[in-house]
There are 2 protein chains.
Amino acid sequence: MNKKTTIYDIAQALNITVSTVSRALSGFPAISEATKKAVTETAKRLNYSPNKLASALKSGKTHTVGVIVPSVQAQFFASIIHCIEDGLKEYGYRIIIYQSNESVDNEINGVRTLLEAQVDGIIASMSLETVNVAHFEEIINQNKPLILFDRVHDALNVPTITLNDFEAGYAATQHLIEMGYKRIAFITTVHQIKIFNNRLRGYKAALADLQLPVLEEHIIYGGLSVVDGELGAEKLLQMNNQPDAIVAGDDFTALGVVNKLKEAGKTPPEVGVIGFANEVFSEYITPNLSTIDQHPAQMGKECAKMFLNMIKQENFYQNVEHIVLNPTVIGRQSTRKI
Amino acid sequence: MNKKTTIYDIAQALNITVSTVSRALSGFPAISEATKKAVTETAKRLNYSPNKLASALKSGKTHTVGVIVPSVQAQFFASIIHCIEDGLKEYGYRIIIYQSNESVDNEINGVRTLLEAQVDGIIASMSLETVNVAHFEEIINQNKPLILFDRVHDALNVPTITLNDFEAGYAATQHLIEMGYKRIAFITTVHQIKIFNNRLRGYKAALADLQLPVLEEHIIYGGLSVVDGELGAEKLLQMNNQPDAIVAGDDFTALGVVNKLKEAGKTPPEVGVIGFANEVFSEYITPNLSTIDQHPAQMGKECAKMFLNMIKQENFYQNVEHIVLNPTVIGRQSTRKI
DNA sequence: CTGAAAGCGCTAACAA
DNA sequence: TTGTTAGCGCTTTCAG
């Protein structure tokens with residue numbers, strides 16, 4: 001393998017200096033058309049490819065943004081990542097992805113790795129485990145843009161893009177009530193994550209506003225998964241005061257609930273079920289599943305836009321914006337009470 | 001913001017030279033325990049964070065691998081990416097993701113971007129549009145490891161991780177025949193991509209081996225999506241010689257087929273349906289969908305392993321390995337002929 | 001419009 | 001065991 005060609009090779013070939021080559025290549029105005037053309041052609045002829053590493057080292061800008069998510073395997077995050085990458089790509093930014101797998105240690109590692117890679121900023125959604133946020137503060141201390149989405153944290157005074165989770169919980173519950181259900185249960189996670197608490201608050205508020213009692217035994221704390229949904233439904237079915245509808249923490253949990261209800265001969269919409277996230281499968285299962293759309297595509301777009309805005313600012317954290325997206329109820333068969 | 005601390009600051013603080021600091025930090029053996037300890041402590045005290053960019057520029061190794069996929073939104077690729085990242089992480093490599101969105105131009109751009117970012121290697125799956133592979137050859141010319149998975153290309157003499165697609169097509173068809181179906185149609189894409197051709201060959205071979213006729217009119221060339229599945233099924237339902245089972249190009253297409261069959265009162269398994277990819281939803285739709293598992297997790301793991309192996313070699317392309325995974329038939333209700 | 005030269009932060013050969 | 005020094009490839013200030 002012959003060595004990679006650098007601007008030195010181009011300079012040598014044309015008997016000019018590297019600075020001229022550099023300027024010609026980077027569209028510097030005060031350059032004669034002739035030399036610019038000569039440089040461009042020679043670059044192509046020698047198959048020159050710029051070393052962004054060197055320019056990054058010099059300029060301090062890598063044009064790379066770090067993205068930390070629990071896992072790219074969740075539809076919600078995949079969709080967001082897709083849109084972040086798409087939104088940044090046309091402005092010359094690429095993204096490095098780091099998955100926390102819902103572990104704080106991984107997350108801490110991720111922040112460190114990304115900072116060492118000299119990313120120009122970080123866009124993140126926290127792991128379920130994360131309580132202490134010192135690692136995120138380090139990003140701010142290094143005076144780099146940090147943007148949080150969906151799973152955010154109040155202790156961090158940074159821009160956020162979130163869903164109105166209170167409203168999501170409220171709307172889901174209200175939807176069920178409007179469809180005629182009266183004893184509504186709620187399955188959520190044990191983790192003290194803001195978004196789940198907010199949904200729960202929304203649930204309680206909707207019940208209160210519509211004159212229905214809030215029963216603590218109808219709130220199930222567990223995990224979020226198909227299996228957890230089955231477990232939750234089982235518990236609820238064993239109660240004396242059985243619910244006639246269930247709000248499940250996400251669509252997978254809702255799916256588990258649906259399975260268990262079918263088994264028990266109470267196929268939705270006999271007992272109403274609504275989930276969160278509008279996963280791909282929700283539309284296609286039987287009965288198809290009512291859910292709350294969390295607009296991940298829009299969230300991703302806003303993240304990208306927010307980053308691009310931030311780097312234009314003198315002081316990144318001067319006026320910290322908080323964008324809140326509104327959830328949308330998607331009513332399908334699983335809540336269509338006859 | 002005070003400037004970031006570098007090894008110079010540490011050196012100055014301890015009245016030693018940067019080389020000593022560098023050596024102490026990188027675990028160089030010939031260093032006294034005392035200085036090593038002093039350096040480590042001072043580093044921590046000054047909140048030192050290494051600039052990997054500088055070391056990468058110097059050493060020519062970024063410890064970053066570029067990954068190019070059509071889209072992270074497809075479950076299959078998300079799963080592979082997850083496993084690649086996981087497999088490389090513990091060896092100190094991170095990944096940069098580039099999505100082609102099934103466009104060659106994006107893909108060409110992706111290769112260029114990643115090479116300019118000086119990645120240590122690239123792991124890719126080609127876009128549906130890709131015919132010419134000159135951009136991938138550039139990676140080889142730069143003497144960097146290139147690994148292709150799933151959507152590969154014969155013109156490129158590089159390591160590959162693929163599914164045995166012939167076998168996948170064969171097994172899907174055989175499964176239907178074993179379940180008692182006799183007139184089996186096949187919906188595939190118009191794109192001349194090897195994997196789809198191989199599946200088609202497998203389909204034809206299975207029919208031939210089991211003494212069933214191959215009917216050209218039963219092979220539908222279109223796109224792969226829910227809508228395309230509906231269109232394909234519609235065409236097949238209008239024929240005089242209607243099929244009694246359909247192999248669909250992927251699970252989304254299969255889903256469209258199922259929808260249309262339900263509409264026509266021929267709900268599977270009355271007409272059998274099998275897809276490819278084992279998407280999350282396949283298990284949960286009604287009737288739940290038979291499919292071919294393509295083992296994305298294993299594929300991702302193998303990609304990571306292959307890369308780690310390759311960089312150990314003197315000459316990356318000395319003995320090019322081709323790993324072929326075997327598909328697994330997952331038989332569910334949609335092919336359970338009564 | 002172009003050239004000379006310093007330096008981004010780190011590594012490593014060579015010297016001591 | 002530690003210091004000196006050159007340089008990775010590029011940008012940019014200052015001079016011409």
Side-chain angles (χ1 to χ4, degrees), chain A residues 1-40 42-43 46-64 92 115-120 142-144, chain B residues 1-40 42-43 46-64 92 115-120 142:
Chain A
M1 197 58 213
N2 32 4
K3 290 203 57 63
K4 282 196 59 182
T5 74
T6 72
I7 52 173
Y8 280 88
D9 302 316
I10 301 176
Q12 200 162 31
L14 293 172
N15 248 319
I16 54 178
T17 60
V18 284
S19 31
T20 307
V21 175
S22 171
R23 285 190 275 249
L25 252 24
S26 58
F28 194 75
I31 279 278
S32 78
E33 272 309 315
T35 46
K36 190 182 284 186
K37 196 170 156 224
V39 168
T40 321
T42 315
L46 300 180
N47 196 21
Y48 169 73
S49 160
N51 184 334
K52 298 279 181 186
L53 228 56
S55 94
L57 177 59
K58 181 67 192 168
S59 68
K61 294 271 153 277
T62 53
H63 291 273
T64 301
L115 286 178
E116 289 179 2
Q118 310 299 118
V119 293
D120 289 350
Q142 290 205 11
N143 196 30
K144 293 197 168 166
Chain B
M1 196 56 214
N2 31 3
K3 290 203 58 62
K4 282 197 58 183
T5 75
T6 71
I7 51 173
Y8 280 88
D9 302 317
I10 301 176
Q12 201 163 29
L14 293 171
N15 248 322
I16 55 179
T17 61
V18 285
S19 37
T20 308
V21 176
S22 172
R23 286 189 275 249
L25 251 24
S26 59
F28 194 75
I31 277 280
S32 77
E33 273 308 317
T35 47
K36 190 183 282 185
K37 194 168 159 228
V39 167
T40 320
T42 316
L46 298 180
N47 196 20
Y48 168 74
S49 160
N51 184 334
K52 297 278 182 187
L53 229 55
S55 95
L57 177 59
K58 179 71 190 165
S59 68
K61 296 270 153 275
T62 53
H63 291 272
T64 302
L115 286 178
E116 288 179 3
Q118 311 299 118
V119 294
D120 289 349
Q142 290 204 13

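Naming: A, B, ... by sequence-line order, numbering from 1 per chain.
- Nucleotide dT4(D) holds its C1' atom 14 Å from the CD1 atom of Ile7(B), rounded to whole Å.
- Two residues, Thr35(B) and Ala54(B), neighbour DNA chain D, and the one matched to the more 5' nucleotide by heavy-atom proximity is Thr35(B).
- Between Phe28(A) and Arg23(B), the residue anchored closer to the 5' end of DNA chain C is Phe28(A), taking for each the nucleotide with the nearest heavy atom.
- Evaluation of atom-type donor-acceptor distances gives a pair under 3.5 Å for the side chain of Tyr8(B) against the base of dC10(C).
- Remark: the backbone N or O of Val119(A) is paired with a side-chain donor or acceptor of Lys144(A) at under 3.5 angstrom.
- Between dT2(D) and Ser32(B), a contact under 4.0 Å exists linking OP1 or OP2 to a side-chain N or O.
- Within 4.0 Å (heavy atoms only), Ile16(A) reaches sugar-phosphate atoms of the nucleic acid but no base atom.
- For Gln12(B) and dC10(C), the CD to P distance is 14 Å, given to the nearest whole Å.
- When rounded to the nearest whole Å, the span between CD of Gln142(A) and C1' of dG9(C) equals 14 Å.
- The base of dG9(C) does not come close enough to the side chain of Lys58(B) for any donor and acceptor atom to sit less than 3.5 Å apart.
- Taking the side chain of Ser19(B) as heavy atoms from C-beta on, and the options dA4(C), dA5(C), dA12(C), the nearest nucleotide is dA12(C).
- The distance between atom CG of Asn51(B) and atom C1' of dC8(C), rounded to the nearest whole Å, is 8 Å.
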Q: Starting from the C-alpha separation in whole Å, work towards a yes-or-no answer on side chain to side chain contact (heavy atoms under 4.5 Å, CB included) for Leu57(B) and Asn51(A).
A: CA-CA 9 Å; Leu57(B) 177 59; Asn51(A) 184 334; 4.1 Å; yes
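- The side chain of Thr20(A) has dG3(C) as its nearest neighbour among dC1(C), dG9(D), dG3(C).
- Counting only distance, with no hydrogens or angles, the side chain of Thr42(A) and the backbone of Ile10(A) share no donor-acceptor pair below 3.5 Å.
- Here Ser55(B) does not reach the OP1 or OP2 of dC10(C): none of its side-chain N or O atoms lies under 4.0 Å away.
- Within the model, atoms CD of Glu33(B) and OG1 of Thr40(B) stand 9.0 Å from one another, a figure rounded to the nearest 0.5 Å.
- Checked by atom type and distance alone, the side chain of Ser59(A) pairs as donor or acceptor with a backbone atom of Ser55(A) at under 3.5 Å.
- Neither OP1 nor OP2 of dC10(D) sits under 4.0 Å from any side-chain N or O of Ser22(A).
- Per the geometry, CG belonging to Leu57(B) stands 9 Å off P belonging to dC10(D), to the nearest Å.
- Nucleic acid contact for Ile31(B): sugar-phosphate only, since backbone atoms but no base atoms lie under 4.0 Å from a heavy atom of the residue.
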